[in-house]
4 protein chains.
Amino acid sequence: MSAASTSPPVRRARRKEARPGELLEAALELFVDKGFAATRVEEVAARAGVSKGTLFLYFPSKEELFKAVVRETIAGRFTEWNDEIQSFEGDTASLVRDLMHSWWERVGQTQAAGITKLVMSEASLFPEIASFYQHEVITPGHQLIRRVLQRGIDRREFRPMDLDHAVYSLIAPMIFLIMWKHSLAPCCPRDESIDPLRFIDSQASLLLEGMQLRPAA
Amino acid sequence: MSAASTSPPVRRARRKEARPGELLEAALELFVDKGFAATRVEEVAARAGVSKGTLFLYFPSKEELFKAVVRETIAGRFTEWNDEIQSFEGDTASLVRDLMHSWWERVGQTQAAGITKLVMSEASLFPEIASFYQHEVITPGHQLIRRVLQRGIDRREFRPMDLDHAVYSLIAPMIFLIMWKHSLAPCCPRDESIDPLRFIDSQASLLLEGMQLRPAA
Amino acid sequence: MSAASTSPPVRRARRKEARPGELLEAALELFVDKGFAATRVEEVAARAGVSKGTLFLYFPSKEELFKAVVRETIAGRFTEWNDEIQSFEGDTASLVRDLMHSWWERVGQTQAAGITKLVMSEASLFPEIASFYQHEVITPGHQLIRRVLQRGIDRREFRPMDLDHAVYSLIAPMIFLIMWKHSLAPCCPRDESIDPLRFIDSQASLLLEGMQLRPAA
Amino acid sequence: MSAASTSPPVRRARRKEARPGELLEAALELFVDKGFAATRVEEVAARAGVSKGTLFLYFPSKEELFKAVVRETIAGRFTEWNDEIQSFEGDTASLVRDLMHSWWERVGQTQAAGITKLVMSEASLFPEIASFYQHEVITPGHQLIRRVLQRGIDRREFRPMDLDHAVYSLIAPMIFLIMWKHSLAPCCPRDESIDPLRFIDSQASLLLEGMQLRPAA
DNA sequence: CATGAATGAGACTTCATTCAT
DNA sequence: TATGAATGAAGTCTCATTCAT
């Protein structure tokens, strides 16, 4: 950082430290856009404002760059969410709805969804990535949802149920939305395209209805 | 096939007829395994026991080979399914359940599902494939489900609804299963893995419950 | 020929003998159209109504096929012309004009010109063809023109001159017309295209004027 | 270029500048020798002392490489020639003779002529090259000759005439010489070969005689 | 640290030629 | 004799990776 020296050196020093981050950012965008195979390292470098050679100074190969992108990008966002859950005071059905909405806002409609799409698409080619993602995202996410459902059961709002199973029911519409949005949808613009929020809402209603202890009575 | 020539299998001639099938089979396996871009035509040919050149005798390009695989593997199924629907005599809820089960048996758990995964993964890179798939698979599938739902409405079993929306609700769990099975699942074998049939069943129940016109009153 | 047996065998017998001719004819057309390299033997065979394999029964290679075409197509047309010259009775200037016109009609505007173009185009890649053509066509043509000019000199119509040189002057516009017609002209249709007959006429006039022994005086 | 670093020639940097020229030179030789289709880019690269990939660093395709060769070899000459015409002060007949001589020296007897031969030979197979050549060389050449003839008419040296037609008369002997020299001639070295300069001279004389407005009267 | 020129393996595709039938 | 399925060398072009500067 070397504070207030003349500007050029400062910029250089700052850049030097920023390099990996800039490269990862550029790589993220391109990987999400075009997938692993179709992304050229030269383009990544260009977008990060450095030369191809420089990229290889920081990442020993395209594959490692890819792994780094995934690792870097999906670092634990779950603490925040966990806190929100813990401090939530309403009924669990509302909590579920809230969570699904905020998922859409914070993930589904952002670039983060691109990462999920990317990982799912390339997982079979990069088992390591897949298991990393599983460990780092899937499992924590799973746990988070589990905790929410447990809260509902504990508070006698939800009937007892197979938690794992229920979790997948909640995840499914989100994965579906992501894949749809990032694969077929962009290529084949149609009228019959999905309204994501409405879709999420209706899925939530159906699922909650099925979970709730005595819908009426 | 070629009629009743019981004579010793004319090797060259028989091969001519067998070739496309062998190539298609090899291609299916490799495409499912490695995706479209990462599959090399030479490897497809090798696995089918022929040379690179021979493949191009039967399919003019890698892309056409892929389309042929799709046609062979998926597209042809819809007439069969349509027939089954038309001749079905029970209530529509059972029909929906039946269809989802047979989907799992005929597509979901077979290599055909790998093709769907592949298309969703690489759609953005090969727009022509994406639109081919949309045209050849997605749209017919959409229509098929629509018809089933309409049947339910016509017979006063289902309440009136936004059909497109409902179709997506039915598709979502299938897409989810496919993506799950072909991306994260194979790399991270866990106990908490999904039991597909049970998942399909429970999704069906939820959805049907939401659709039915007051089962009682 | 086996005369009057039943028709099928006759046809087969006749075809068998006709094969090489049909192949040569087909090859001629295609070579003229597309040149040597761009002509595919399969297309030649198809146009002759036989299979690729059959072609190689008659000609051991594409190159030999090409040579055969040249041999067959341009073999001695010169005797006819030589006779015409010998029996011509008018003045030599008219003879020259006549010859140039009949060249245009019999060669320049026919497929034969395509062969010339072809040979000149591919000569450097097939020296053997070139020397064959030189021997079989160029030299006889050269001699023919030479004889005509000598006739003019002998009859005191033309002034004495370097015959070789004069021959080239007469050949030049023909070669030019052929090359123009078969290369740039077809690709770039313009208004400023050449009227071949008028061009030949004016060239003839210029050349004859230069050759004649005292146009006036 | 890179400023005034008088230091020992920076090898890598200097090469960067030299590459295109070296490649162009190698390409010119090979194109002239073997034609467009038969020249392999790998061989061009090898002759320039670089690898296949390097060539594509400088020229995006074989066709663009060829165009660059044409631009370098021929197309650039016209401004020079136009200047010479404009500053010429003698009579137009002399100008025509001068031009034809300098054409022989700068084009006809150099490798540039080989390019013209190549284009005429392969035009039908590579329409884009043909039209490029038409645009870049034929048309400018045509215009140049036209201007010269117009000068003669304007100065009352030449009689009025159909300019397009006259242009072709002037072009014809050059095309003929090129085709002769690069097709039949090299394969069949004879005594009766053409003396190009003498041929040009005599053609010029004939044509000028035909054009001049009564040399005496 | 950074550059970017250079590499070369490898991708898809074409087609003359062979050979079992 | 005729076929046509099969081959495999060759061609153009791409791009991850290296390394001299």
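Any value given below was found using the heavy atoms of this structure, including those in side chains, with hydrogens, waters and symmetry copies removed. In what follows, chains carry the letters A, B, and so on, assigned in the order in which the sequence lines appear, proteins first and then strands, with residues in each chain numbered from 1.
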Whole-Å distance, A/L55 CG to F/dC15 P, equals 15 Å
Taking the side chain of B/S51 as heavy atoms from C-beta outward, which of E/dT17, E/dT14, F/dT7 is closest to it? F/dT7
Measuring from the side chain of C/L57 (C-beta onward, heavy atoms only), which nucleotide among F/dT1, E/dT17, E/dA2 has the closest atom? F/dT1
Any D/F132 side-chain heavy atom under 4.5 Å of D/F66 side chain: no
Length of the line joining B/F66:CZ and E/dC12:P, which is rounded to integer Å: 14 Å
Where the side chain of A/T54 is defined as all heavy atoms beyond and including C-beta, which of E/dT18, E/dT14, E/dT3 is the nearest nucleotide? E/dT3
Closest nucleotide of DNA chain F for C/G53 versus for A/S61: which of these residues is on the 5' side? C/G53
Give me each pair satisfying salt bridge (Lys or Arg N to Asp or Glu O under 4.0 Å) with a member in residues 122-132 of chain D, each pair once, sequence neighbours excluded. D/K67-D/E128
In whole angstrom, give the distance that lies between atom CZ of D/F56 and atom P of F/dG11. 12 Å
Heavy atom of residues 31-41 of chain A under 4.0 Å from DNA chain F: which residues? A/T39, A/R40, A/V41
For D/S61, check side-chain contact (heavy atoms from CB on, under 4.5 Å) against everything at least two apart and list the hits. D/E63, D/E64
What's C/K52 touching, base or sugar-phosphate or nothing? Going by heavy atoms closer than 4.0 Å. base
Dot-bracket for DNA chain E, please. Rules: Watson-Crick or G-U, both distances under 3.5 Å, ( ) within the strand, [ ] when a pair crosses earlier ones, | for another strand, . otherwise. .||||||||||||||||||||
Note, B/L24 side chain near B/L28 side chain (heavy atom, < 4.5 Å): no
Can you name the side-chain contact (heavy atoms from CB on, under 4.5 Å) partners of C/F56, sequence neighbours left out? C/V41
Round to a whole Å and report the spacing from CD of C/E63 to C1' of E/dT17. 14 Å
Tell me the interatomic distance from D/Y58, atom OH, to F/dT14, atom C1', rounded to whole angstroms. 17 Å
Please name all residues satisfying side-chain contact (heavy atoms from CB on, under 4.5 Å) with C/A38, sequence neighbours left out, ordered by chain then number. C/K34, D/L125
A/E42 CD - F/dT18 P separation (whole Å): 16 Å
Of the listed F/dT3, F/dC13, F/dA16, the closest approach to the A/K62 side chain comes from F/dA16
Checking the side chain of B/K62 only, and the main-chain atoms of B/F36 only, is there a donor and an acceptor separated by less than 3.5 Å? yes
d(CG, A/L30; P, F/dA16) in whole Å: 12 Å
Report the residue from C/E25, C/E22, C/E29 that forms a side-chain hydrogen bond (donor to acceptor under 3.5 Å, both in side chains) with C/R47. C/E29
Looking at D/E43, I want to see if its CD is surrounded by more than 12 non-hydrogen atoms of other residues, nucleotides or ligands under 6.0 Å. yes
Rounded off to whole Å, could you give me the CZ-to-P distance for the D/F59 and E/dA6 pair? 12 Å
